[in-house]
Amino acid sequence: MNQYDHNKIEKKWQNVWEKKKPNKVKENPKLKKFYALIEFPYPSGAGLHVGHPRSYVAMDIIARKRRAEGFNVLYPIGWDAFGLPTENFAIKTGIHPAKITKDNIKIFTKQIKSLGVSFDWSREIDTTDPKYYKWTQWIFLQFFNAGLAYKKKMTINWCPVDMIGLANEEVINGCCERCGNVVEKKEKEQWMLAITKYADRLDKDLDETDFIEKVKIQQRNWIGKSEGALVKFKILNSNEYIEVFTTRIDTIFSGTYLILAPEHKLIKEFSNQITNLNEVSLYQKKVSLMTEIDRTNENKEITGIQLNGLYVENPATGEKMPVCIADFVLEHYGTGAVFADAHDKRDFDLAKKINLPLKVSIKPKNEVDFDKINNLEICYEGEGILFNSSQFDGLSSEEARPKIISWLNTKGLAEIKTNYKLKDWIFSRQRYWGEPIPIVHCEKCGIVPIPEKELPLKLPNIKNYEPTQNGESPLASITKWVNTKCPNCKGKAKRETDTMPNWAGSSWYYLRFMDSKNNKAFAGKDNLKYWNQVDWYNGGMEHTTLHLLYSRFWHKFLFDQGLVPTSEPYKKRTSHGMILAEGGEKMSKSRGNVINPDESVKAVGADTLRIYEMFMGPFDQAIAWDTNNIAGARRFVEKVWKIQEYVSESTVNNDLEILIHKTIKKVSEDIEEMKFNTAISSMMIVVNEFEKVKNVSKDQYKILLRLLAPFAPHFTEEIWSILKNKNSIHSEEWPKYNPDLLESDTKMIVIQINGKVRGTVKANNDISESDLRKQIEDIPEIHKWIVNQEIKKVVFIKGKLLNIVV
RNA sequence: GCCCGGGUGGUGGAACUGGUAUACACGCACGACUUAAAAUCGUGUCUCUUACGGGAUGCGGGUUCGAUUCCCGCCCCGGGCACCA
């Protein structure tokens with residue numbers, strides 16, 4: 001037997017696979033298909049880190065198992081290469097982003113190939129390749145033609161450091177997701193995608209998917225569906241109404257005043273009625289200067305100001321209600337206006353502070369503290385029984401809501417309404433390194449899309465990538481590129497200079513993998529039909545409300561256009577936990593604690609690294625890297641290697657055979673549930689047993705190797721060939737266990753006295769209670785517990801346990 | 001504040017549908033091999049007790065013959081959302 005030389009073995013087989021391309025897949029309608037997907041990486045300058053393989057290897061194990069089960073498996077890889085870090089590096093070094101991207105891809109490719117992941121490299125894609133982004137632009141034009149891509153002047157989140165507009169999803173606690181600086185507001189014309197049109201389906205259709213529950217919950221929270229009513233409050237001395245969204249129409253009878261967002265457009269419209277306009281403008285100005293952080297600060301005192309002279313009418317009571325503005329009412333949610341009563345803490349506090357009326361109409365079901373509530377000493381926010389509510393008195397909040405809505409509806413003052421927190425997606429970026437938006441602004445015709453045949457609209461080659469202080473894209477200064485002809489009237493026109501956000505390319509890439517070389521369509525109909533949708537998609541939780549939601553939106557749109565065969569892109573979505581640095585801190589470039597897999601691959605081999613990463617803990621849980629523990633994985637690999645020394649041609653040990661079949665079952669099931677750590681531990685148990693008995697048949701060894709091959713593809717392949725097998729281990733069928741072997745006739749039966757374990761007895765599986773009782777009475781350790789005791793009760797579970805209560 | 005996870009040895013963790021808690025691995029200790037060390041192999045390793053036994057799965061209760069697992073009330077840690085009407 002040779003020494004185990006991981007470097008030699010891994011290089012050898014990687015070369016074979018490079019030549020033979022065993023993972024290259026072709027559409028074949030006769031074969032069942034399986035589409036496995038990982039989030040394609042951003043090729044950063046830092047290279048791969050140990051977090052990447054966790055996901056790649058996990059899906060690799062599943063993909064390899066599926067191939068062994070006879071599936072036609074698509075497991076592709078590519079590059080999500082547009083993005084800020086590359087552009088920033090280009091600014092710093094003067095090297096063209098395309099060149100940087102190319103170099104980084106080279107490094108990533110080499111690193112990923114050194115891990116032995118069974119990707120189909122023939123379908124490799126790169127989102128910055130004009131052949132790819134031609135179709136990203138094409139899909140954008142479909143959005144535009146359908147009226148779902150539109151331009152809007154709006155206050156955007158502006159990062160003054162990166163000098164870029166951010167989508168709401170990219171703002172974390174009022175700070176830029178990338179650089180952490182406080183985000184400012186800026187008025188700017190922006191391209192928007194109308195994701196809110198799909199809010200309801202994005203929520204509802206989650207039911208059809210097999211996503212892990214926490215992903216569904218997080219998306220649902222983000223979409224923020226809430227069902228309630230739209231209520232109209234008549235403005236006194238006018239024919240106009242203020243619309244208010246509420247989920248608590250049961251409290252309408254206690255509505256005593258109205259609160260508008262400080263930015264509400266009716267304030268301007270009715271300024272002639274407002275008698276304290278100076279004060280009001282002052283307050284509005286103060287609010288507009290506040291940052292997101294200040295405005296949402298928990299300890300901030302509640303503020304607001306009444307609009308003197310402006311009154312509305314409560315649609316339920318007909319009572320005259322004053323109107324005020326307060327910063328806690330948000331312009332962009334609901335209608336930017338709420339009605340206030342004593343059943344909301346903020347309304348309650350504000351009324352006390354600026355001296356506005358309050359009324360109570362809900363009594364708690366248990367009536368605790370009702371006197372205090374009724375005397376407006378404390379605020380009760382819960383549901384309860386209505387009172388002070390004329391014909392609805394005595395109803396519960398839940399009963400009352402539909403009744404009040406339909407009553408007001410007959411008067412034309414209310415309707416059922418569903419509201420969403422989700423906002424439309426800000427789709428422009430004022431940056432160079434992104435897909436140019438294929439639009440022309442014509443002096444005569446206005447906004448004109450570029451004809452399809454002119455796609456791709458390529459990024460012009462420039463020397464300076466710096467964004468500009470005024471918020472314009474660097475493309476704006478390339479007059480030669482900007483000045484163009486209108487495709488419509490051939491007159492003077494200017495190109496759109498904003499580019500798409502880095503989420504654009506990744507919103508449909510899984511479709512391109514189905515037919516990556518097609519130059520007539522983003523993917524051919526037959527290929528779309530065959531691959532249908534992604535069967536299993538693994539990725540990080542951090543993409544739940546960004547990439548995952550965006551791509552579901554794009555896919556649904558394409559489905560509505562009749563361009564894809566399914567309404568959901570991904571059948572199943574799972575998520576890996578992050579790998580943390582040693583000590584439990586997050587790995588990051590700035591902390592300087594990023595662990596690169598190359599060292600481990602060199603020192604102990606890719607097979608060992610793969611086993612270590614799969615064994616380190618539950619797959620969905622964050623876990624700290626521990627270099628010491630790699631030794632355990634390496635020892636295991638060496639033990640498997642050494643079985644060659646004592647494996648024999650013919651002997652079969654029956655106990656071992658049972659253990660092996662148990663292990664086939666365990667490993668097969670654990671892979672499906674992504675319980676890779678326990679799958680490996682069960683194989684370790686087999687190997688430890690092999691070592692102990694030193695009496696292992698070749699067939700038994702082969703089963704172990706077959707089970708281990710998806711985890712450690714190189715050295716299992718090597719041993720396989722040493723054992724004189726002609727074919728690759730990876731094209732061998734997945735082993736099946738023999739259920740008869742698992743149902744043994746004799747079992748260890750646990751004997752308990754008063755629920756405490758006092759011994760175990762080996763007995764026939766279907767031994768009766770009385771026979772078992774007789775048998776155990778002779779055993780001294782058990783006998784001593786029951787002698788001279790009154791037996792009160794006996795619990796017997798056949799083939800498992802006997803509990804005697806004395 | 002709301003919504004998800006989670007809390008088990010020195011460490012990472014295991015435990016089916018309520019049925020032998022601590023599998024597997026790391027570390028450590030001791031032993032074997034060695035002139036020596038590394039590697040490897042073997043033994044031990046929750047805790048109290050000399051022992052018989054007892055006690056331990058964040059804390060306090062409950063259900064049960066029996067609870068890491070189910071129920072109620074807390075505490076702590078991680079993640080997400082957050083003035084959302």
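To find a chain, count down the sequence lines: A is the first, B the second, and so on, and within it residues start at 1.
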Practice task
May I ask you to evaluate whether A:N688 reaches the phosphate of B:A25, defined as a side-chain N or O under 4.0 Å from OP1 or OP2?
Solution key: yes

Handout entry: Ring geometry between A:F339 and A:F233 (parallel below 30°, tilted from 30 to 60°, perpendicular above 60°)
Key = tilted

Practice task
Tell me which of A:K756 and A:I302 sits closer to the 5' end of RNA chain B, going by the nucleotide each one is nearest to.
Solution key: A:K756

Handout entry: Nearest-neighbour nucleotide for the A:M684 side chain, B:G80, B:A25, B:G55 considered
Key = B:A25

Problem - Candidates B:U40, B:G54, B:C65 - which lies nearest the side chain of A:K642 - result: B:U40

Exercise for the section: Output all residues satisfying salt bridge (Lys or Arg N to Asp or Glu O under 4.0 Å) with A:E383, sequence neighbours left out; order by chain, then residue number. Expected result: A:R401

Handout entry: Nearest-angstrom distance, P atom, B:C24 to B:G18
Key = 25 Å

Exercise for the section: Classify the nucleic acid contact of A:K639 as base, sugar-phosphate or nothing, counting any heavy atom under 4.0 Å across all strands shown. Expected result: sugar-phosphate

Practice task
For nucleotides B:G27 and B:G62, find the distance between their C1' atoms and express it as a whole number of Å.
Solution key: 40 Å

Can you name the atoms? Protein N/O to nucleotides 12-19 of chain B N/O, anything below 3.5 Å, with the distance.
{"unit_1": "B:G12", "atom_1": "O2'", "unit_2": "A:M616", "atom_2": "O", "d": "2.6"}
{"unit_1": "B:G13", "atom_1": "OP1", "unit_2": "A:Q621", "atom_2": "NE2", "d": "2.8"}
{"unit_1": "B:A14", "atom_1": "OP1", "unit_2": "A:N677", "atom_2": "ND2", "d": "3.0"}
{"unit_1": "B:G19", "atom_1": "N2", "unit_2": "A:Q752", "atom_2": "OE1", "d": "2.8"}

Fill in the blank from the handout: Taken in chain and number order and not counting sequence neighbours, the residues that satisfy side-chain contact (heavy atoms from CB on, under 4.5 Å) with A:I405 are A:A229, A:I249, A:I416

Practice task
May I ask you to say what A:K214 touches in the nucleic acid, namely base, sugar-phosphate or nothing, with a heavy-atom cut-off under 4.0 Å?
Solution key: sugar-phosphate

Handout entry: Distance between P atoms of B:U8 and B:G58 (Å, rounded)
Key = 6 Å

Fill in the blank from the handout: chi for B:G9 classified (syn = within 90 degrees of 0, anti otherwise) as syn

Exercise for the section: Name the nucleic acid region contacted by A:K792, choosing base, sugar-phosphate or nothing; use a 4.0 angstrom heavy-atom cut-off, strictly under. Expected result: nothing

Practice task
Give a yes/no answer on whether the side chain of A:K793 brings an N or O atom under 4.0 Å of OP1 or OP2 in B:C65.
Solution key: yes

Exercise for the section: Tell me what A:R634 touches on the nucleic acid: a base, only sugar-phosphate, or nothing, going by heavy atoms under 4.0 Å. Expected result: nothing

Practice task
Kindly check if the number of other-residue, nucleotide or ligand heavy atoms within 6.0 Å of NZ (A:K353) is above 12?
Solution key: yes

Practice task
Would you indicate which nucleotide in B:G54, B:C3, B:C65 comes nearest to any side-chain atom of A:N221?
Solution key: B:C3

Practice task
Check side-chain contact (heavy atoms from CB on, under 4.5 Å) between A:D349 and all other residues, then give those that pass, not counting sequence neighbours.
Solution key: A:I302, A:K345

Exercise for the section: Give one of base, sugar-phosphate or nothing for A:V329, where a contact means two heavy atoms less than 4.0 Å apart. Expected result: base

Exercise for the section: Could you please name the option among B:G54, B:A85, B:C24 that lies closest to any side-chain atom of A:I685? Expected result: B:C24

Practice task
State whether A:F211 and A:K216 meet the cation-pi test: NZ (Lys) or CZ (Arg) under 6.0 Å from the six-membered ring centroid, and within 45° of the perpendicular axis.
Solution key: no

Completion exercise
So side-chain hydrogen bond (donor to acceptor under 3.5 Å, both in side chains) across residues 223-233 of chain A, not counting sequence neighbours, yields A:D200-A:K225, A:S226-A:Y333

Problem - Residue A:W222, side-chain atoms from C-beta onward, closest of B:A82, B:C4, B:C84 - result: B:A82

Exercise for the section: Would you please confirm or rule out a distance under 4.0 Å between OP1 or OP2 of B:U40 and any side-chain N or O of A:R635? Expected result: yes

Practice task
Apply side-chain contact (heavy atoms from CB on, under 4.5 Å) to A:N688 and list each qualifying residue two or more places apart in sequence or on a separate chain.
Solution key: A:K639

Fill in the blank from the handout: With the side chain defined as heavy atoms from C-beta on, A:M748 is closest, among B:C41, B:C83, B:U20, to B:U20

